[in-house]
Amino acid sequence: MPEVPENTLLMTAGETAKQLAEPVDGGCFQPFIIPRVSASAAPKPVSKPKPRSIMPAIDEVLRDHGILPTPNETKPETEFPAPAAAEGKGDAEMVQPSEILTVPVEAQLPPPRVATADELFAWIKQCVLAQAQLSEDAAELVAFFVISTWCQEALTVLPCLVISGSAHDAGVVLHVLKDFCRNAALVAGIRRSHLGVLHCACRTKLIWEPNLDRRTASLLSGLTDRNYMVVERGSMACYSKSAAIYVGQDPESHQIVNSIRVHIPVTNAAPLAPPQWLTVMNQRLPVHLDLYRRKNLALVGRRTWVPSGLSSETAAIATALGRGIVDAPALLQKLVVLLKTEDKHRQSELSNTTDAIVLEATRTLCRDGREHAYAREIAAAANHLFEARGEAARLSPEKAGHTLKRLGLPTHPLSQTGHGLKFDRATIARIEPLCAVYGMEDTPAEAENLHSSQTTENK
């Protein structure tokens with residue numbers, strides 16, 4: 001557990017954090033934790049005087065009558081030597097050992113107050129905005145990612161934070177994550193051979209990889225799922241851990257599955273001046289995050305929160321991030337809203353790919369009432385769409401056929417003149433879900449046309 005910093009303010013168990021109307025810390029309440037203080041040793045007990053006794057006088061009378069022996073008549077082996085500790089005490093009586101406090105006892109202080117998910121989220125967001133040139137939405141995504149790193153043992157999917165844009169500002173964000181993520185390490189690049197070392201060295205990988213290639217993106221994609229194992233030196237091991245990566249200027253570089261993306265545009269803004277409260281917050285926030293983890297980790301492992309209104313891929317990411325948010329329904333709703341925006345951006349990017357263009361051309365030919373379409377016809381329709389969008393890309397029939405196969409729509413011989421797709425019921429059933437994935441929403445007229453064509457086919 002991180003070392004608990006010394007406090008200047010203490011909270012009792014029943015107190016809650018109060019935020020000043022206009023605090024000097026920029027609106028971010030500074031969390032305080034009760035330190036463990038041992039009580040000072042109990043004062044050494046003093047001896048108490050023994051009350052005077054009449055027994056010596058009685059003994060003297062009995063000895064005068066010959067009933068008791070005189071002191072010099074006592075046999076040595078029957079004598080009971082006085083304890084050494086009692087020598088020189090005279091008539092003083094020692095306190096019984098059970099009455100002496102020999103070991104210091106810790107003061108009975110209330111346990112440290114565990115911050116709520118809402119408080120942690122607000123503190124992280126405020127600290128991120130105070131140091132990095134990010135939008136508010138991006139800072140909130142970073143805050144959700146940070147909290148998830150403290151619960152990663154209880155998660156199956158470990159969302160990867162992908163940062164693109166300004167190299168300088170991305171470096172600042174990675175250093176901020178180094179302060180707040182659980183047991184984080186900054187890594188200059190990553191290769192498969194690094195996994196064994198990183199597995200022992202850290203819990204969260206913060207990777208600088210501005211020239212991300214397809215192989216590394218594939219490796220990082222596999223590491224976002226604990227069910228995937230890595231084969232190394234004749235054995236299999238799980239190296240999945242939370243990770244954030246800077247992928248360079250291009251926000252459309254190789255995709256990493258189960259990732260949330262933060263793009264930082266290049267600006268001429270002046271560097272942010274750190275507020276006075278930032279140093280203290282950077283020290284105390286990890287302590288609060290660790291306490292939150294210790295209290296809620298078992299509960300996070302049992303939660304089954306599933307969001308609605310998101311694509312299947314984005315819903316998996318939302319589930320992983322949301323499971324670490326305990327007793328904060330408004331915060332979960334904020335997460336869904338943020339990821340819906342992420343969903344739209346993802347679909348917008350997909351809609352401009354070659355796959356999306358070929359799929360749109362195929363759907364257009366399908367809805368023209370045709371029974372089939374040759375690959376050369378699909379390629380021609382796709383090239384027409386490219387031209388309408390002002391793009392210079394062009395497809396050959398062979399490339400269109402390969403693209404259809406990649407989409408799960410393999411072509412078949414239609415005649416001696418070529419291959420293509422037959423628009424039967426099974427093919428149509430595969431085309432429509434694909435269009436939804438790529439963000440191709442039906443207009444009312446298109447939906448009615450599709451319904452009429454399917455009704456006619458059923459007849």
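Bear in mind the structure is a predicted one, so any value in this text is a computation, not a measurement.
- Side-chain contact between Cys127 and Leu278: present, with at least one pair of heavy atoms (C-beta onward) separated by less than 4.5 Å.
- In this structure a side-chain-to-backbone donor-acceptor pair under 3.5 Å is missing from Thr204 to Ser242.
- Residue Thr427 comes nearest to Lys422 through the heavy atom pair OG1-O, 3.0 Å, listed as atom of the first residue, atom of the second, then distance.
- For the pair His288 and Met281, the minimum side-chain heavy-atom distance is 4.5 Å or more.
- A heavy-atom distance below 4.5 Å is found between the side chains of Glu140 and Phe121.
- Note: Leu359 CG to Cys435 SG = 4.0 Å, rounded to the nearest 0.5 Å.
- Look at Arg191 and Glu209 and you find a salt bridge, because one of the NZ, NE, NH1 or NH2 atoms lies within 4.0 Å of a carboxylate O, short of that distance.
- Within 6.0 Å of CZ on Arg214 lie no more than 12 heavy atoms contributed by other residues, nucleotides or ligands.
- Annotation: side chain of Arg182 is not in contact with side chain of Leu289 (no heavy-atom distance under 4.5 Å).
- In terms of heavy-atom proximity, Val114 sits nearest to Tyr292 at CG1-CA, 3.8 Å.
- More than 12 non-hydrogen atoms from other residues, nucleotides or ligands lie less than 6.0 angstrom from NE2 of His194.
- Closest non-hydrogen pair, Asp179 versus Pro286, comes out as O-CG, 3.4 Å.
- Taking a 6.0 Å sphere around CZ of Arg394, one finds it holds more than 12 heavy atoms contributed by other residues, nucleotides or ligands.
- With rounding to the nearest 0.5 Å, the separation of CZ in Arg303 from CD1 in Ile325 is 8.0 Å.
- Heavy-atom minimum distance, Cys181 versus Val146: SG-CG2, 4.0 Å.
- A side-chain donor-acceptor contact under 3.5 Å links Trp150 to the backbone of Phe180.
- At distances below 3.5 Å, not a single donor-acceptor pair connects side-chain atoms of Asn296 with backbone N or O atoms of Leu299.
- Separation of atoms CZ (Phe144) and NZ (Lys125) is listed at 9.5 Å; rounding is to 0.5 Å.
- Remark: the backbone N or O of Tyr239 is not paired with any side-chain donor or acceptor of Tyr228 at under 3.5 angstrom.
- The two residues Leu297 and Glu153 come nearest to each other via the heavy atoms CD1-OE1, 4.4 Å.
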- [ ] Just do the side chain to side chain contact (heavy atoms under 4.5 Å, CB included) check on Val172 and Leu272 with the steps written out, would you?
- [x] CA-CA 11 Å; Val172 173; Leu272 297 173; over 6 Å; no

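- Residues Leu219 and Leu195 form a side-chain contact, since some pair of their non-hydrogen atoms from C-beta on lies under 4.5 Å apart.
- The list of side chain to side chain donor-acceptor pair (under 3.5 Å) pairs with a residue in residues 166-176, not counting sequence neighbours, reads Ser166-Asp169.
- When only modelled atom types and interatomic distance are considered, Thr279 and Asn282 share no side-chain donor-acceptor pair under 3.5 Å.
- Interatomic distance, Leu174 CG to Lys205 NZ, rounded to the nearest 0.5 Å: 13.5 Å.
- The line from OG of Ser259 to CD1 of Ile163 is 11.5 Å long, rounded to the nearest 0.5 Å.
- Gln283 places no side-chain N or O within 3.5 Å of a backbone atom of Val280 that could act as its donor or acceptor partner.
- With a 4.5 Å cut-off on side-chain heavy atoms, Gln333 and Val337 count as touching.
- Checking side-chain atoms of Arg323 against main-chain N and O of Ala154 turns up a donor-acceptor pair under 3.5 Å.
- Pairing each heavy atom of Ala429 with each of Pro433, the nearest pair is O-CD, 2.9 Å.
- For Arg367 and Glu432, the salt-bridge test passes: some basic side-chain N is under 4.0 Å from an acidic carboxylate O.
- With sequence neighbours left out, Arg302 forms a salt bridge (Lys or Arg N to Asp or Glu O under 4.0 Å) with no residue at all.
- Annotation: salt bridge (Lys or Arg N to Asp or Glu O under 4.0 Å) contacts involving residues 375-386, sequence neighbours excluded, comprise Arg370-Glu377.
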- [ ] Before giving the answer on side chain to side chain contact (heavy atoms under 4.5 Å, CB included), spell out for Leu155 and Val300 the whole-Å C-alpha distance, their side-chain angles and the decisive distance to 0.1 Å.
- [x] CA-CA 8 Å; Leu155 304 177; Val300 171; 4.2 Å; yes

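- A distance-only check finds a donor-acceptor pair linking the side chain of Asn383 to the backbone of Ala379 [under 3.5 Å].
- The shortest distance between side-chain heavy atoms of Leu220 and Thr224 does not fall below 4.5 Å.
- The backbone N or O of Asp225 lies less than 3.5 Å from a partner atom in the side chain of Ser240, making a donor-acceptor pair.
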Task: Test log, rule side chain to side chain contact (heavy atoms under 4.5 Å, CB included), inputs Val262 and Val173 - done: CA-CA 10 Å; Val262 169; Val173 173; over 6 Å; no

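- Formation of a donor-acceptor pair under 3.5 Å by the Ser218 side chain with backbone atoms of Arg215 is not found in this model.
- The shortest distance between side-chain heavy atoms of Leu434 and Leu409 falls below 4.5 Å.
- Residue Ile378 holds its CD1 atom at 14.0 Å from CD1 of Ile357, rounded to the nearest 0.5 Å.
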Task: side chain to side chain contact (heavy atoms under 4.5 Å, CB included) between Lys241 and Leu223, worked out - done: CA-CA 7 Å; Lys241 290 185 179 181; Leu223 295 177; over 6 Å; no

